[in-house]
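The structure appears below as structure tokens.
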Number of protein chains: 2
Amino acid sequence: MAEGGHQGTPGSEGLLFLTDEQLRKGIEAMFFAYRGFTADPDRILEQHGYGRAHHRAIHFIHRSPGTTVNNLLSILGVTKQSLNRVLRTLIDDGLVESRVGKRDKRERHLFLTETGDALERELSDAQRERMRAAFRSVGPDAVVGFRQVLEAMMDPEMRRHFQTLKDSGQ
Amino acid sequence: MAEGGHQGTPGSEGLLFLTDEQLRKGIEAMFFAYRGFTADPDRILEQHGYGRAHHRAIHFIHRSPGTTVNNLLSILGVTKQSLNRVLRTLIDDGLVESRVGKRDKRERHLFLTETGDALERELSDAQRERMRAAFRSVGPDAVVGFRQVLEAMMDPEMRRHFQTLKDSGQ
DNA sequence: ATTATATGTCAGTCTTGTTGACTTTATCGG
DNA sequence: CCGATAAAGTCAACAAGACTGACATATAAT
């Protein structure tokens with residue numbers, strides 16, 4: 001009778017959380033929640049003439065200052081042509097700086113400028129605020145569960161990126 | 001000292017789950033997990049020549065058979081021109097049937113055909129399989145937390161749609 | 001010296017979203 | 001019954017953001 005590692009009501013019924021109906025609710029929860037998740041940044045981005053793609057680039061450059069283009073490509077999972085378009089505008093607009101690598105001069109290391117950092121803060125403040133409110137309203141235990149499920153849903157390579165904090169290098 | 005309603009370690013520290021760093025992890029978890037969430041259906045859709053927009057329409061018609069176009073519009077949050085494009089192809093391809101309303105003949109009630117249902121099953125089987133594996137690996141308590149956080153992150157109107165099960169009418 | 005890597009760019013395509021204008025059909029309120 | 005409102009559909013134009021394929025340049029590695 002020893003189950004995986006979690007408890008549940010240890011008696012007979014168990015696994016009621018794995019019914020198709022429960023899974024459907026989980027699927028819809030992801031769909032609707034993701035909309036809320038992006039809603040606030042989307043409004044801000046629109047005012048600045050940017051889109052979600054710019055947000056993603058800004059976010060990960062902020063998280064890992066000095067990251068290379070290739071690194072960013074593998075995190076974002078898009079083509080270099082696609083990334084280059086948004087990176088080009090961010091650099092031209094003075095939000096991102098691209099420095100030639102010292103060890104390997106082929107590489108470009110990406111950094112946010114002061115302006116870029118300001119937009120990053122504006123965006124993440126909004127997004128964090130919503131998440132903070134959600135977290136607070138449900139309590140720390142629910143937050144742990146939230147993170148566990150999300151991590152378990154990721155593709156292995158994305159889980160690697162998620163768990164890896166530092167990866168600059170310069 | 002009585003806090004909201006959740007416990008945590010009841011001593012002094014509390015609220016460590018609301019730090020900016022924890023929130024950033026939550027944000028990235030959403031980003032990476034959503035990718036995993038859509039990855040399997042995306043592969044299937046590609047084989048059939050459809051996109052995510054078709055999936056969403058199929059999903060919600062399956063969930064609420066007989067739903068009207070307006071209903072679908074408010075759930076999906078897109079313009080009718082945008083929805084009409086995908087609905088048109090689904091109807092032309094014989095996956096969706098559009099029946100004139102009996103009470104109100106202006107309305108069209110949408111249903112999946114057998115073919116449509118088959119594709120729906122193919123898509124949701126794949127998506128459910130991933131979620132089932134995630135749910136199983138973390139246990140029922142984590143799943144409860146997952147759902148609570150997601151629901152708290154939704155916009156109020158989306159939360160309404162999420163909580164509402166039936167809405168056909170015919 | 002050749003090959004491989006990192007980056008960037010040009011050109012074209014596709015999906016999915018947007019606005020705005022307009023039509024048809026049907027319901028509803030006076 | 002008539003005028004206003006509503007539900008659905010359509011046409012046209014446009015934009016963001018993804019894709020492919022081809023090709024260029026600089027640098028590193030063998």
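Letters go in sequence order (proteins before strands), and every chain restarts at 1.
In this structure, the CZ atom of A/R52 is 11 Å from the C1' atom of C/dG17, given to the nearest Å. The nearest whole Å value for the distance from the CG atom in B/L90 to the C1' atom in D/dA8 is 17 Å. The interatomic distance linking B/L87 (CG) with C/dT16 (C1') rounds to 14 Å, in whole Å. Per the geometry, CG belonging to B/L76 stands 8 Å off P belonging to C/dG17, to the nearest Å. Atom CG in A/N71 sits roughly 14 Å away from atom C1' in C/dT7 (whole-Å rounding).
Every residue was checked against the salt bridge (charged side-chain N to carboxylate O under 4.0 Å, His left out) condition with A/R56, not counting sequence neighbours, and none meets it. Looking at residues two or more places apart in sequence or on another chain, you find a side-chain hydrogen bond (donor to acceptor under 3.5 Å, both in side chains) between A/E97 and A/R99. With sequence neighbours left out, B/R52 forms a side-chain hydrogen bond (donor to acceptor under 3.5 Å, both in side chains) with B/T38, B/D42. The ring-ring contact (aromatic ring centres under 6.0 Å, His included) check on B/F60 picks up A/F31, A/F32, with sequence neighbours excluded. Legend: residues meeting side-chain hydrogen bond (donor to acceptor under 3.5 Å, both in side chains) with A/E122, ordered by chain and number and at least two apart, are A/H48. With sequence neighbours left out, the side-chain contact (heavy atoms from CB on, under 4.5 Å) criterion links A/A152 to B/A134, B/S137, B/V138. For A/D40, the side-chain hydrogen bond (donor to acceptor under 3.5 Å, both in side chains) test picks out A/R43, A/R130, with sequence neighbours left out. Scored by the ring-ring contact (aromatic ring centres under 6.0 Å, His included) test, A/Y50 finds A/H54 as partners (sequence neighbours excluded).
Within the 6.0 Å centre-distance limit, the rings of B/F146 and B/F135 are counted as a close aromatic pair.
Annotation: the terminal axes of the helix from C/dA1-D/dT30 to C/dG30-D/dC1 meet at 30°, where each axis is the rotation carrying the C1' atoms of four end pairs onto the next four (5 pairs per end, rounded to 10°).
Put simply, the side chain of A/V96 reaches to within 4.5 Å of the side chain of A/I61, judged on heavy atoms. Using a 4.5 Å heavy-atom cutoff, the side chains of A/H161 and B/E28 are not in contact.
A distance of 13.5 Å separates CZ in B/R136 from CE in B/M131, rounded to the nearest 0.5 Å. Here A/R24 contributes atom CZ and B/H62 contributes atom NE2; the two are 7.5 Å apart, rounded to the nearest 0.5 Å. One finds the CD1 atom of B/I58 at 5.5 Å from the CG atom of B/L95 (value rounded to the nearest 0.5 Å).
The stretch residues 54-61 of chain A touches DNA chain D through A/H54, A/R56, each having a heavy atom within less than 4.0 Å of the strand. Near-neighbour residues of DNA chain D inside residues 27-50 of chain B, defined by a heavy atom below 4.0 Å, are absent.
OP1 or OP2 of D/dA8 sits under 4.0 Å from a side-chain N or O of B/N70. In terms of phosphate contacts, A/T79 brings a side-chain nitrogen or oxygen within less than 4.0 Å of OP1 or OP2 of D/dC19.
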Summary of protein contacts for nucleotides 22-30 of chain D, nucleotide by nucleotide, where a base hit scores B, a sugar-phosphate-only hit scores S (4.0 Å, heavy atoms): B----BS--
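Counting atom types as modelled, B/R88 pairs no side-chain N or O with a base atom of D/dG9 as donor and acceptor under 3.5 Å.
Closest to the side chain of B/E107, from the set D/dA18, C/dG17, D/dA8, is D/dA8. The listed nucleotides are D/dG9, D/dA8, C/dG8; the one nearest the side chain of A/N84 is C/dG8.
Summary of the strand contacts: A/G77 and B/I91 both lie near DNA chain D, and taking for each the nucleotide with the nearest heavy atom, the more 5' one is attributed to B/I91.
Within 4.0 Å of A/R85, counting heavy atoms only, lies at least one base atom of the nucleic acid.
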